[in-house]
Amino acid sequence: MAGEEAEQTLNESDSDEDMLAGEAAAAAGSSSSESDSEEEEDGAAELRIQTLEQALRDQPLDYDSHNEYIKCLRKLGEIEKLRKAREGMSKLFPLTPKLWQDWIGDELSLNQSPESFKEIENLYERSVQDYLSVSLWIDYINFVQEHDDSVSQCTPAGVSKMRELFERAITAAGLHLIEGGKIWEAYREFEQALVLTFSENETEEKAKQTQRIRNLFHRQLAVPLADSESTLKDYKIWESEQGNNISNETGSELDGLPPNVVTNYKNATEAFNARKLYEDRIARESDEQEKLQHYMNYIKFEESSGNPARVQILYERAISEFQVSSDLWLAYTNYVDTLKLPSIAKNVYYRATRNCTWVGELWARYLISLERANSSEEEIKTVFEWAVQCTFQTVQEYLELYLTRIDSLRRRFLSQIGTEDLLDFEIIRKTFMDVSDSLAAQLSCEELFNLHEYWAELEINLAKELIQARSVWENLIKKSGSMLEAWKGYISMEINSGNINEARSIYKRCYSKKFIGTGSEDICNAWIRFERKYGTLEDYDFALKKVKPRLNELMIFKAQQESKSKTEFNQPAKTKKNNNINNSPLKRKQTEITSKPPPAKKRKENAPKNKKNETENHQPMEIEIEKETEKGKEKEKEKEKENEKEKEKIKEKEKEEEKETKETKYKDQCTAFISNLHLDTTEEHLRSFFGENGGVTSIRLLRNKFTGGPRGLAYVDFADEKHLQNAIKKNKEFLLEKRLSIAKSDPSRGGRNSNSSPRGRGGRKMPFRTDRNKGRANGGDASPNPNRNRGRSNEDANPNPNPKSNPKNEGTSNETRVTFAAPRALLAKPLGWNKKDGKIEASGEQLKSNDAFRDLFLKK
């Protein structure tokens with residue numbers, strides 16, 4: 001039995017050993033697999049870090065790359081690289097409270113020695129300068145209380161340091177309507193703790209400290225805060241602990257309080273109630289655009305109350321949530337400029353330009369704020385050089401930045417005249433040269449002229465360098481020789497400097513040049529006026545000798561251009577008329593104009609005479625011929641109109657088919673129209689912008705039909721209306737440093753109707769001159785004179801437009817002559833009329849001019 005038990009024990013021990021070995025092997029396998037996965041993750045993170053480092057070298061102002069780089073380094077525990085990355089990002093951008101708290105927390109976990117206190121305290125000091133954060137101020141206060149030996153030992157220096165820190169915190173965040181009470185409460189707790197450090201014999205110091213605490217309660221109760229009621233209860237309890245009995249005779253919570261405290265508390269309560277509506281709207285709103293608008297409304301209300309401190313607190317609160325809103329920063333900087341506090345304005349501009357580097361207006365105003373704060377030339381120069389490296393949206397922003405810098409240099413130069421520290425004018429000249437070389441090709445003529453005129457004035461007035469001023473004008477003329485203002489400005493400078501001969505030589509150079517509009521005539525006339533004022537008789541005669549042929553040449557050229565323009569204006573109408581005749585499928589054969597009367601008229605002449613015939617015979621024969629011919633032309637026009645109507649119907653059908661095809665392809669039911677895209681934007685950029693779950697089904701990037709280049713516009717189709725509305729909420733957000741404009745596509749508002757009348761600028765219908773257009777359309781004269789209807793169709797005069805229904809049309813032909821230029825004396829009777837026998841003399845000649853008509857009339 002003992003042997004069996006021993007054997008059983010051995011077997012059990014072997015099985016236990018096998019089990020333990022299996023578990024150890026499994027643990028070793030799992031640990032090896034975990035180590036392999038960790039190595040793979042570390043390798044991917046290192047590769048990602050290298051990619052981010054290269055991206056930051058290419059684009060050092062990429063905020064997202066900086067943020068992700070810091071996260072990767074923090075994950076891998078690269079302490080030194082992490083510190084450098086955080087310092088580099090802090091120099092370029094203000095850091096959010098979360099980034100500062102992570103940074104300070106990491107430093108505290110690494111080293112808590114007394115030697116590191118100053119470094120961490122410096123980090124806290126920098127953190128509260130970027131954005132308003134009550135939590136950061138509380139952390140800063142707690143850190144100093146715990147780690148500063150002078151404060152923990154309640155030395156006079158430590159107590160003074162702590163009180164100064166609390167006062168700064170109250171100034172920065174103590175007026176925060178919702179969270180400001182936390183700082184007040186911490187301040188009171190610190191002062192109440194100091195009471196315990198006094199001995200019973202130090203009654204005077206203890207009384208002073210008690211009064212200090214009482215004053216803190218009174219100050220807090222006078223500020224509109226969310227926890228005012230609890231503060232009032234704490235105050236009453238504290239007063240009762242000091243032996244001051246506060247009775248409740250009327251049942252009011254304010255019974256027994258000093259009158260000034262009661263008044264201030266009521267005012268603070270009313271102020272809080274008036275602002276609570278705005279606070280609730282901000283707290284409830286989830287949409288960023290709407291929330292920002294609520295902040296702006298809140299700020300306007302606070303500005304109307306006239307409390308600058310509360311307005312600044314609101315701006316700081318809004319900025320902490322909308323760090324890159326350029327409109328918000330512009331409004332904030334505008335407000336601080338009105339306060340006339342250069343130190344505050346300088347700090348706000350410093351943060352604004354680091355958040356919105358692409359806004360040139362902020363940089364220009366930052367330079368002015370530095371000048372108001374009496375900053376050094378070196379500091380202003382550093383800011384200017386940093387601003388020039390930024391990317392602005394328009395060339396005008398660069399120009400404004402350069403001009404602001406030049407204005408500042410000019411004022412500094414004038415203020416230092418007569419001192420040893422006189423600014424070197426070469427700095428101003430170099431700034432002008434930089435802006436001229438870099439922006440000249442992109443500036444308008446007016447901007448370029450104003451820049452060089454300013455430059456030349458400073459060269460003469462400040463540097464007293466006439467030769468340099470002349471080189472400025474010569475440089476402008478070399479770039480824009482056809483700019484009349486450049487020549488006039490050059491001449492004006494020479495005249496104002498008393499250099500008459502130099503001004504005359506400039507006139508001799510430019511009078512023969514071609515300028516826009518009437519510029520050539522203006523410069524010639526200006527030369528004549530110049531010689532009248534300043535020149536001798538020989539100079540005046542010489543100017544006339546040169547100018548007169550030039551003016552005559554310009555007059556001839558102008559007349560030729562006017563004649564050419566008239567010809568070109570009339571040519572299209574004639575060409576259209578001829579094309580309609582030649583292309584008509586039912587065109588009538590053209591016949592030569594002859595003087596032979598038609599057969600119908602001959603029969604009338606041989607008929608017996610009566611009063612009716614005499615009356616008819618007194619009408620001009622040519623007019624009757626024209627009427628018959630015009631009636632024949634009316635048939636052609638009617639057929640042409642029918643053909644044109646058929647063509648228009650065919651075109652309308654084709655357009656309807658195209659419209660149906662487009663509508664079947666792109667119905668634009670859930671489509672967003674996006675504008676102000678960066679020209680480098682691709683479909684992948686847009687898909688990543690709307691997110692993987694953005695519901696994007698297709699993207700259409702619009703391109704220029706001539707060049708094929710991008711237009712900065714796109715249509716994005718979404719799966720349903722919900723995804724479309726989510727996309728529209730991204731309106732005014734940035735993609736590739738461009739603020740996008742996103743709206744729902746509405747096809748009914750776009751395009752043009754083929755049947756609509758012509759439109760001018762702005763979509764307004766262009767008015768038609770019905771009398772002129774109607775006459776041209778009918779092939780007649782456009783004159784409104786009723787006597788000139790002989791050259792028109794008789795469609796309006798004849799109530800029966802059908803020529804077949806008129807018996808007088810029988811036997812008519814197309815043979816006729818043009819008589820619209822005949823003298824009025826001959827229009828009253830037919831040509832060849834003989835007064836004696838009342839007959840028409842046959843003549844084989846064709847009268848082709850007024851002289852021929854006149855000779856015929858005199859001969860008869």
Side-chain angles (χ1 to χ4, degrees), residues 60 63 66-67 69-71 73-74 77-174 176 182-183 186-187 190 316 319-320 323 342-355 370 373 375-376 378-379 382-383 386:
Y63 182 88
H66 278 284
N67 200 4
Y69 183 48
I70 289 173
K71 288 181 180 178
L73 292 175
R74 191 165 184 252
E78 296 284 347
I79 304 301
E80 294 302 325
K81 282 188 176 182
L82 181 60
R83 285 173 178 167
K84 292 181 180 179
R86 282 168 168 166
E87 289 290 348
M89 186 177 182
S90 177
K91 291 179 180 178
L92 297 175
F93 307 102
L95 302 185
T96 61
K98 178 66 169 57
L99 288 175
W100 279 114
Q101 288 171 343
D102 291 342
W103 188 356
I104 296 171
D106 292 342
E107 295 295 339
L108 281 173
S109 62
L110 292 172
N111 192 357
Q112 295 186 359
S113 63
E115 292 78 11
S116 63
F117 170 77
K118 287 294 182 183
E119 296 179 359
I120 298 176
E121 185 182 24
N122 184 36
L123 288 179
Y124 270 118
E125 189 65 30
R126 291 165 57 187
S127 68
V128 295
Q129 300 297 326
D130 282 349
Y131 295 111
L132 173 64
S133 174
V134 175
S135 60
L136 262 179
W137 277 107
I138 295 296
D139 293 344
Y140 186 12
I141 291 169
N142 293 334
F143 170 78
V144 174
Q145 284 180 327
E146 293 175 5
H147 297 84
D148 193 336
D149 294 336
S150 62
V151 175
S152 59
Q153 294 175 7
C154 297
T155 64
V159 173
S160 177
K161 176 182 178 180
M162 204 63 213
R163 285 172 178 168
E164 182 181 355
L165 182 60
F166 272 117
E167 291 294 339
R168 287 177 54 205
I170 286 177
T171 303
H176 195 298
K182 297 177 181 178
I183 298 177
Y187 195 0
F190 171 75
E316 290 292 344
I319 289 297
S320 63
Q323 295 97 343
S343 59
I344 295 178
K346 180 180 176 181
N347 175 266
V348 174
Y349 275 112
Y350 173 67
R351 293 183 290 141
T353 51
R354 290 199 298 160
N355 273 300
L370 290 175
S375 301
S376 64
E378 191 64 29
E379 183 179 0
T382 302
V383 173
W386 181 254

Salt bridge (Lys or Arg N to Asp or Glu O under 4.0 Å) partners of residues 151-174, not counting sequence neighbours, each pair once: Glu121-Lys161, Glu125-Arg168, Asp148-Lys161, Arg163-Glu191, Glu167-Arg219

Tell me, please, which residues at least two apart from Lys182 pass salt bridge (charged side-chain N to carboxylate O under 4.0 Å, His left out). none

Does the pair Ile104 and Tyr140 meet the rule for a side-chain contact (heavy atoms from CB on, under 4.5 Å), with working shown? CA-CA 10 Å; Ile104 296 171; Tyr140 186 12; over 6 Å; no

So, using salt bridge (charged side-chain N to carboxylate O under 4.0 Å, His left out) as the criterion, who are the partners of Asp139 when residues are at least two apart? none

With sequence neighbours excluded, residues passing ring-ring contact (aromatic ring centres under 6.0 Å, His included) with Trp137: none

May I ask you to decide if Ser320's main-chain N or O and Gln323's side chain share a donor-acceptor pair within less than 3.5 Å? yes

Parallel, tilted or perpendicular: which one describes the rings of Phe190 and Phe166, with boundaries at 30° and 60°? tilted

Residues forming a side-chain contact (heavy atoms from CB on, under 4.5 Å) with Ser116, sequence neighbours excluded: Asn111, Ser113, Ile120

For Arg354 and Asp130, what are the C-alpha separation, side-chain angles and deciding distance, and is it a side-chain contact (heavy atoms from CB on, under 4.5 Å)? CA-CA 10 Å; Arg354 290 199 298 160; Asp130 282 349; 3.3 Å; yes

So do the side chains of Ile183 and Val134 get within less than 4.5 Å of each other, counting heavy atoms only? yes

Shortest non-hydrogen contact between Met89 and His66, atoms and distance: SD-CB, 3.7 Å

Is there a side-chain contact (heavy atoms from CB on, under 4.5 Å) between Leu370 and Lys346 once you walk through the steps? CA-CA 6 Å; Leu370 290 175; Lys346 180 180 176 181; 3.7 Å; yes

Phe143 vs Leu108 side-chain heavy atoms within contact, under 4.5 Å: yes

Between Arg74 and Trp103, is there a side-chain heavy-atom distance shorter than 4.5 Å? no

Closer than 4.0 angstrom, basic N to acidic O: yes or no for Lys98 and Asp102? yes

Salt bridge (charged side-chain N to carboxylate O under 4.0 Å, His left out) against Arg83, all qualifying residues, sequence neighbours excluded: Glu80, Glu107

Stepwise side-chain contact (heavy atoms from CB on, under 4.5 Å) test for Lys118 and Asn122: CA-CA 6 Å; Lys118 287 294 182 183; Asn122 184 36; over 6 Å; no

